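Note that ligands are numbered from 1 as they come in the structure, with each ligand's atoms numbered from 1 the same way. In what follows, every heavy atom counts, from backbone to side chain, and hydrogens, waters and symmetry copies are set aside. Note that this is a predicted model, so its numbers are computed, not measured.
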Amino acid sequence: MSALPLRIAFVSLITLSFALTQTRPSLDGVTGKWYKGNLHTHTLNSDGDSSPLEVATWYREHGYQFLALTDHNVFTDPTGLNGILAAREKFVLIPAEELTDSYAKRPIHINGLNLTKEVQPQHGNSVSETIQRDIDLIRAAGGLPSLNHPNFHWAISAADMAKVRNLRVFEVFNGHPTVNNVGGGGSPSLEEMWDVLLTGGQQVYGIAVDDAHVFKQTGQEFSNPGRGWVVVRAESLTPGNIVKAIEDGRFYASSGVQLIEVVTSANEYRIEIKERPQEKFTTYFIGAGGKVLDKTYETIATYKYKGGEKYVRARVESSFGVTAWTQPVFR
Ligand SMILES: [Zn+2]
Ligand SMILES: [Zn+2]
């Protein structure tokens with residue numbers, strides 16, 4: 001039997017599963033639906049300009065399905081708000097906090113996602129020890145730690161992060177205007193730092209967030225909402241399932257590019273991009289050392305593994321000036 005009928009059968013199966021339902025097994029056996037959310041936002045409980053209800057309502061009305069209110073060293077219990085705003089499979093608030101610590105005037109901010117209780121800074125004798133102690137506390141409180149904006153005040157280097165255990169998530173994009181996402185002046189970008197960690201064997205995933213503080217004025221100089229988010233493939237819309245999917249790397253991060261599907265199999269890494277009128281794309285598949293393994297302009301971007309890749313991840317750049325980052329697959 002030739003390979004051709006097999007391939008046709010394979011393609012038809014995928015097309016059919018697209019048509020029938022949104023909940024479908026992908027080629028890697030992962031099931032679930034896609035949910036959009038923001039994991040970093042402030043309210044009047046710290047230095048935001050709007051109440052928790054106003055902030056959550058903004059996200060609910062702008063097409064998001066989940067949100068974490070992450071005030072500085074304040075745990076905003078979302079139970080009451082969920083009683084007002086949550087709706088099955090439509091919207092939910094994740095209990096969270098931005099653990100706000102420092103070492104030698106360097107800000108060390110770590111979000112605790114799906115926390116069971118408030119946590120307070122643990123401090124330490126170095127940047128990495130401070131991060132470690134805060135991460136350990138967040139884990140002990142049932143939360144998923146996410147290291148925020150490493151280049152804010154140029155506080156945290158890849159070498160600092162490389163010393164930390166149990167760090168699974170960090171911000172590769174933060175929408176605040178002064179967090180230095182792209183590096184500069186000889187300091188690496190967050191994406192370059194990510195590749196240093198991945199090349200060193202640290203299995204870290206990259207999220208995009210708003211870090212929104214300002215909802216009542218709009219402008220480039222303000223930390224407004226709607227600039228960075230994640231789209232997560234989870235079994236259902238509960239805080240536990242969303243956070244579990246993030247810890248497992250079943251999501252992509254975006255500053256504006258929408259993806260239809262991300263599929264990884266034994267042979268390939270495939271990304272299907274949702275195109276808008278006039279929009280063009282360049283997708284880079286990236287491996288160890290930040291090396292570009294391949295580049296494509298197609299809206300179905302496929303990388304066939306050649307063998308020997310330590311990991312493969314992708315960056316999808318849009319002609320509109322926005323980006324999506326998909327998560328590393330370790331080979
Ligand atoms: Zn912060
Ligand atoms: Zn923040």
Quiz prompt | With Ile108, the side chain to side chain contact (heavy atoms under 4.5 Å, CB included) member among Thr130, Asn148, Leu99 | solution = Thr130
Quiz item: N/O/S of His40 less than 2.8 Å from the Zn ion (ligand 2)?
Solution: yes
Exercise. Measure from the Zn ion (ligand 1) to each N, O or S atom of His109 and report whether any distance is below 2.8 Å.
Key: yes
Quiz item: Measuring from Leu93:CG to Arg60:CZ, what's the distance to the nearest 0.5 Å?
Solution: 10.0 Å
Quiz prompt | Aromatic contact, His176 with His213 (centres under 6.0 Å) | solution = yes
Quiz prompt | Heavy-atom neighbours of Lys306 NZ exceed 12 at 6.0 Å | solution = yes
Quiz item: Of all N, O or S atoms in Glu98, which has the smallest distance to the Zn ion (ligand 2)?
Solution: OE1
Self-check item: Residue His213, metal the Zn ion (ligand 2), N/O/S under 2.8 Å
Solution: no
Exercise. Taking both backbone and side-chain atoms into account, decide whether His72 has an N/O/S atom under 2.8 Å from the Zn ion (ligand 1).
Key: no
Exercise. State whether the number of non-hydrogen atoms from other residues, nucleotides or ligands found under 6.0 Å of Arg165 atom CZ is greater than 12.
Key: no
Quiz item: For the Zn ion (ligand 2), what is the closest N, O or S atom on Asp211?
Solution: OD1
Self-check item: His149 atom (N/O/S) at minimal separation from the Zn ion (ligand 1)
Solution: NE2
Quiz prompt | Glu54/Lys216 salt bridge by N-O under 4.0 Å criterion | solution = yes
